[in-house]
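I have placed the structure first, in the form of structure tokens, so that the comments after it can refer back to it.
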2 protein chains.
Amino acid sequence: METSRSSRAPRKPRAHNTPPTGPGMYAGRTGTSSADVILRGLRARIISTELVPGIPISEHDLAQAYGVSRTPVREAILRLSDERLVEVAPKSGTFVGRIPLSALPEALVVRQALEETTVRAAVRFAQEDDFVKLENLIETQQQAVGNADRQALHDADDAFHEQIAQAGGYPGIWELITQVKVHIDRYRRLAQLDMDRLGTVIEEHRLLLRHMRARDAEGAVQAMAIHLHKLRKDMSHLKSIKPEYFIHDADLAVEFTKAQSAVKSELLADDPT
Amino acid sequence: METSRSSRAPRKPRAHNTPPTGPGMYAGRTGTSSADVILRGLRARIISTELVPGIPISEHDLAQAYGVSRTPVREAILRLSDERLVEVAPKSGTFVGRIPLSALPEALVVRQALEETTVRAAVRFAQEDDFVKLENLIETQQQAVGNADRQALHDADDAFHEQIAQAGGYPGIWELITQVKVHIDRYRRLAQLDMDRLGTVIEEHRLLLRHMRARDAEGAVQAMAIHLHKLRKDMSHLKSIKPEYFIHDADLAVEFTKAQSAVKSELLADDPT
DNA sequence: TCTATATAACTTGTATATAAGATAAACAAG
DNA sequence: CTTGTTTATCTTATATACAAGTTATATAGA
């Protein structure tokens, strides 16, 4: 009589042809690995400008800080470099990504094009509860201004635009917009706009919501255009905070000037002020 | 007298406060590392559907195939998972990303919004040499249809749209579009549209170019809308190639139906056929 | 004092080893 | 035949070790 172990017949190697996940279930990033946690943490610290553009960061130090090895830290950093939130100099060092100046005008144009789309859809499909949520967000913004709480205002502003995309049935478009506007947000934070300027966005939101409620697509689109145009003006008249925070990649220089003029003529044209 | 080595005083640790790169020079991915090469290679093979959605890939096998260790392979795979081109099941396996059905309608809407923007800019800013390039690309497309060369036609089609973005001064927007339309392209390749249907795009391009030359913004925008609307129709009437190629994430299901109806009413409205 | 140069110490890139979890084949019981 | 359980072997996740390149600094010489 042999042991159960030795009596076992030799096993065929397993195939693992299994489909990735069960039906209807999304497989992507589960978000529980060290690398994912570090990725989110670093991204947040960079976007909030707690980590200022251009400062060196080292995989080793981060690993020690997070209490892990270099491997997951490195994985997070590589993924951040795809978003241009960090710059990796091959055998030299890694740095918090500088703001790519040439990408800013295009980001604004993209945002405007996409938000025009979401607003138009929202005018068609928004339900009463969508309007209520938007009203509540405006209320939240009002309080944030009262408390001079920049962070809260910024968050509520984002939530307002996101809710419009949701109401229109295009939540994925908002995701894309957040991706595109990352560097714009960093710029604005560094610029530290004064509070009462920031407060005026609330009136713009109110106007926008009024048009949406009235199912006035063109009016809503124009209100959105004005709203985003102000953002543009903020950015243009706030010159050079610190030059070392920015990078001006050469191959996009042509685009920069062309887009700049495009922006100018296009938006000053329908500027109602 | 001591040796030059031992006579050296103890050295202060270096600071490395250097700014990332020289002025005006972009630091990002140099593209020479193994990980970068593998990233590009894998992405190309997935987009070309040489690697079909859902099949398992293993870091070990890929490492062996590329003649490197698992580390750079893994780095490439993680970055691809951000684009949803691969799906990683945490301790189980890695698979070529299935096409996220729920993202397709939104991708089409985004593309339309962005290309409307680039076309409008191109009508304003395009120079004669831009028009010449566009004409040449149409010629290339004509030849590709003659040779029944799907790949060549697809490439020339992309180049045509990219050139419009270039002419408008927004090359970055085309980059964003390529990012967004990845899964659309995969779907179309799998669908294997018939060649004479593909040939009709050329007439649409000709019409578009004619409007651009005439500096007729609204006409050009409408021509682009028609052009992209046909793409949409291709996608909608080609039902279910193989169900295992697709994934339908649950949390986006609401958006899917809403967007679907939005698309339908919006585009059939100004459909000129 | 200034400039050129060598070099140690710092960086990231890659390879390998180990840990930990998931899965399908084999087996047992009904 | 069906169902539940075990377990070898597969997978990815992380840690560690090493290789290759870069840069600030100390030193030597003008």
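In what follows, every heavy atom counts, from backbone to side chain, and hydrogens, waters and symmetry copies are set aside. Note that the coordinates shown come from a computational prediction; the quantities given were computed from them, not determined experimentally. A note on names: the letters A, B, ... follow the listed sequences, proteins ahead of strands, and every chain is numbered from 1.
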Identify whether any heavy atom of Ile57(A) sits under 4.0 Å from a base atom; if not, whether one sits that close to sugar-phosphate; answer base, sugar-phosphate or nothing.
->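 Touches sugar-phosphate only.
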Hey, does Ser58(A) reach any base, or is it just sugar-phosphate, or nothing, if we go heavy atoms under 4.0 Å?
->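 Answer is sugar-phosphate: Ser58(A) comes under 4.0 Å of backbone atoms only.
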Could you tell me whether the side chain of Thr71(A) has a donor or acceptor atom within less than 3.5 Å of a complementary atom in the base of dA15(D)?
->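 Result: at least one qualifying N/O pair found.
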Between [N] ([atom2]) and [X] ([atom1]): distance, integer Å:
X        : N       : atom1 : atom2 : answer
Arg70(A) : dA17(C) : CZ    : P     : 18 Å
His60(A) : dT12(C) : NE2   : P     : 10 Å
Arg74(B) : dT18(C) : CZ    : P     : 18 Å
Gln64(B) : dT11(D) : CD    : P     : 11 Å
Asp61(A) : dC10(C) : CG    : P     : 11 Å
Phe95(B) : dT11(D) : CZ    : P     : 10 Å
Tyr66(A) : dT14(D) : OH    : C1'   : 17 Å
Lys91(B) : dA19(C) : NZ    : P     : 13 Å

Option from Ile77(B), Val73(B), Leu80(B) for which side chain to side chain contact (heavy atoms under 4.5 Å, CB included) with Ile38(B) holds |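 Testing Ile38(B) for a side chain to side chain contact (heavy atoms under 4.5 Å, CB included) against Ile77(B), Val73(B), Leu80(B) leaves exactly one candidate, Val73(B).
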Think Ser92(B) has a side-chain N or O under 4.0 angstrom from the OP1 or OP2 of dT11(D)?
->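 No, outside the criterion.
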For residues Arg70(A) and Gln64(A), is any side-chain donor paired with an opposing acceptor at under 3.5 Å?
->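 No pair is found: no donor N or O on one side chain lies under 3.5 Å from an acceptor on the other.
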Hey, which of His248(A), Glu244(A), Glu87(A), His183(A) is the one that makes side chain to side chain donor-acceptor pair (under 3.5 Å) with Arg98(A)?
->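 Passing option: Glu87(A).
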Relative to each other, are the rings of Tyr187(B) and Phe246(B) parallel, tilted or perpendicular (30° and 60° limits)?
->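 Tilted, since the angle between the ring planes falls between 30° and 60°.
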Flag the pair Arg79(A) and Glu75(B) as a salt bridge only when some basic side-chain nitrogen lies within less than 4.0 angstrom of an acidic carboxylate oxygen.
->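 Looking at Arg79(A) and Glu75(B), the cut-off is not met.
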Taking only the side-chain heavy atoms of Ser33(A) (C-beta and beyond), determine which of dA15(D), dA13(D), dA15(C) contains the nearest atom.
->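 From the listed options, dA13(D) comes nearest.
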Could you say whether Ser69(A) or Glu59(B) is positioned toward the 5' end of DNA chain D, judged by the nucleotide with the nearest heavy atom to each?
->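 Looking at the nearest nucleotide for each, Glu59(B) comes out on the 5' side.
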